[in-house]
Number of protein chains: 2
Amino acid sequence: MISQAVQDYLKSIYKLQQENPDDSVSTTDIAKDLDVSGASVTGMIKRLDTMGMVDYSSYKGVKLTEKGEKVALEIIRFHRLIETYLKEMLGFPLDKIHDEACRLEHHISEEFIERINKLLGEPKFDPHGHPIPSKDGTIIEYEEKPLSEIEPGGEYYISRLSDTDQKLLAYLELMNLMPNIKIKVIDKAPFKGPITISYNGSEKIIGNEVASNIFVKIQ
Amino acid sequence: MISQAVQDYLKSIYKLQQENPDDSVSTTDIAKDLDVSGASVTGMIKRLDTMGMVDYSSYKGVKLTEKGEKVALEIIRFHRLIETYLKEMLGFPLDKIHDEACRLEHHISEEFIERINKLLGEPKFDPHGHPIPSKDGTIIEYEEKPLSEIEPGGEYYISRLSDTDQKLLAYLELMNLMPNIKIKVIDKAPFKGPITISYNGSEKIIGNEVASNIFVKIQ
DNA sequence: CAATAAAATTAATCAAATCTAAATATTTTT
DNA sequence: AAAAATATTTAGATTTGATTAATTTTATTG
Ligand SMILES: [Mn+2]
Ligand SMILES: [Mn+2]
Ligand SMILES: [Mn+2]
Ligand SMILES: [Mn+2]
């Protein structure tokens, strides 16, 4: 059996690799992401290497092997299906689903996942707008940009909300700024100033910080 | 935080205590129930004692303290609500719910439990017929007897199915021998022979072994 | 009531994950 | 290119939960 710790490391490495696909992932980045010491990361990385989950050489960082990536994608699939289920079927608020899913992802069975996947109608995106990997590990990719970098003018669809700050997510849900909402930038004040947007038939003003956590689909 | 291991020990001690309320629970019985070595049990018991979860003195076995019992009942509440949820909302077969619940009980939040409790309509019994402890730790008790000890004649309601043998549970579900079904013993062959029963408008013959895993409510 | 069997505890190890402090390698700056 | 700063690894310890083997305590029985 693959322990929870191993699963969390693989998930973290996958995430960091996505953010920076060219470089290999550094110990320090993993340590920061998982909030553990650098020494712990070195120790675990060596084990992952002997398990064939990552390629590692001293002082050079790691890269997931095909095997490691497969495991990571499986956990991410679990995580995102659970998030979707918590929101859609149990009525959890948007800011509570991540933490719950992050625990459950390590403990539910294939059978459980298959059942909720069916009940949900095999969804392709979770409530944050994250794509849900298919069972064979393929994952939808598309181009997006933070709303804070969009010039006033065209219309866009919200594709994704950053899920790092749960307080912010609660605010976005309250404002009904959710994936798939059609949105238009009316005005953008200079020097990271407030941004005027129009959606759902009304105008709102949000801060640049907030807008930088909302991503819209490009073309 | 109370670890999964600690939770499982407390649950096991609670169960063994119920089976034999007068004696204190022996190390060997816990070891058998949890499938660990006796030495492991001695080690854990000492920790539980210093945590104030059990009263323990060397060579004399353990008894749950009020604190320990409260924790045990909380986990049992979680376990049984999850079982009910897996059956009622996700359509799990009766023989698959125990193992899944036994893992999840340690990892779901109060919030999750409260939500499924509401959605299920605050059920009082799980699919095996086990009473679900209330949030404050009270638990319904009633008298019951194995069907194998019932003499032909009166009518009874199935109260509970033993959940130790999952294969047997699958058979019972197939036969529609489930809690709350009205049942009548028509004939009982001697020397632990087959038992003829009537329920749901038809007659069936089951083995004594099977009947000893079906419990009916007394009066 | 002593001999034997069974139950329980102790002692010594192990593995997984973590940590801090010290040492070493790499990168950046002057 | 040497010095300084940063990143990474090593060494040594800790905690939790488990093991086997040896010892001690309790229970049984002739
Ligand atoms: Mn997780
Ligand atoms: Mn998500
Ligand atoms: Mn359990
Ligand atoms: Mn049950």
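The chains referred to below are lettered A, B, ... by the order of the sequence lines, with proteins before strands, and numbering in each begins at 1.
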Between [X] and [Y], does any side-chain N to carboxylate O distance fall below 4.0 Å?
X	Y	result
B:Asp33	B:Lys15	yes
A:Glu100	A:Lys87	no
B:Glu114	B:Arg77	yes

For nucleotides 13-17 of chain C, tabulate all protein N/O to nucleotide N/O atom pairs closer than 3.5 Å, reporting atom names and distance.
from   : atom 1 : to      : atom 2 : distance (Å)
C:dA17 : OP1    : A:Ser3  : OG     : 2.1
C:dA17 : OP2    : A:Arg47 : NH1    : 2.3
C:dA17 : OP2    : A:Arg47 : NH2    : 2.3

(request) Would you indicate, yes or no, if C:dA7 has its OP1 or OP2 atom less than 4.0 angstrom from a side-chain nitrogen or oxygen of B:Ser26? (result) no

(message) Can you see if the side chain of A:Lys46 gets near the phosphate of D:dT9 - specifically, an N or O under 4.0 Å from OP1 or OP2?
(response) no

(message) Testing the basics here: between A:Leu73 and A:Ile139, what is the closest heavy-atom pair and its distance to 0.1 Å?
(response) CD2-CD1, 4.3 Å

(message) Please report the interatomic distance CG(A:Leu86) to CG(A:Leu94), rounded to the nearest 0.5 Å.
(response) 11.0 Å

(message) Quick check with a 6.0 Å cut-off and a 45 degree axis cone: is A:Lys217 positioned over the face of A:Tyr142's six-membered ring?
(response) yes

(message) Would you say B:Gln4 and B:His107 are linked by a side-chain donor-acceptor pair, where the criterion is simply a distance under 3.5 Å?
(response) yes

(message) At 4.0 Å (heavy atoms only), tell me whether A:Thr42 reaches a base, stays on the sugar-phosphate, or touches nothing.
(response) base

(message) Between A:His98 and A:His79 (judged by ring centroids, cut-off 6.0 Å), do the two rings come close enough to count as a pair?
(response) yes

Show the distances under 3.5 angstrom between N or O atoms of the protein and N or O atoms of nucleotides 19-26 of chain C.
from   : atom 1 : to      : atom 2 : distance (Å)
C:dC19 : OP2    : A:Ser37 : N      : 2.9
C:dC19 : OP2    : A:Ser37 : OG     : 3.0
C:dC19 : OP2    : A:Ser40 : OG     : 2.3
C:dA25 : O4'    : A:Tyr59 : OH     : 3.3

(message) Rounding to an integer number of Å, can you tell me how far B:Leu34 CG sits from D:dT19 C1'?
(response) 16 Å

(request) Please tell me which of B:Ile45 and A:Gly43 maps to the more 5' nucleotide of DNA chain C, matching each residue to the nucleotide holding its nearest heavy atom. (result) B:Ile45

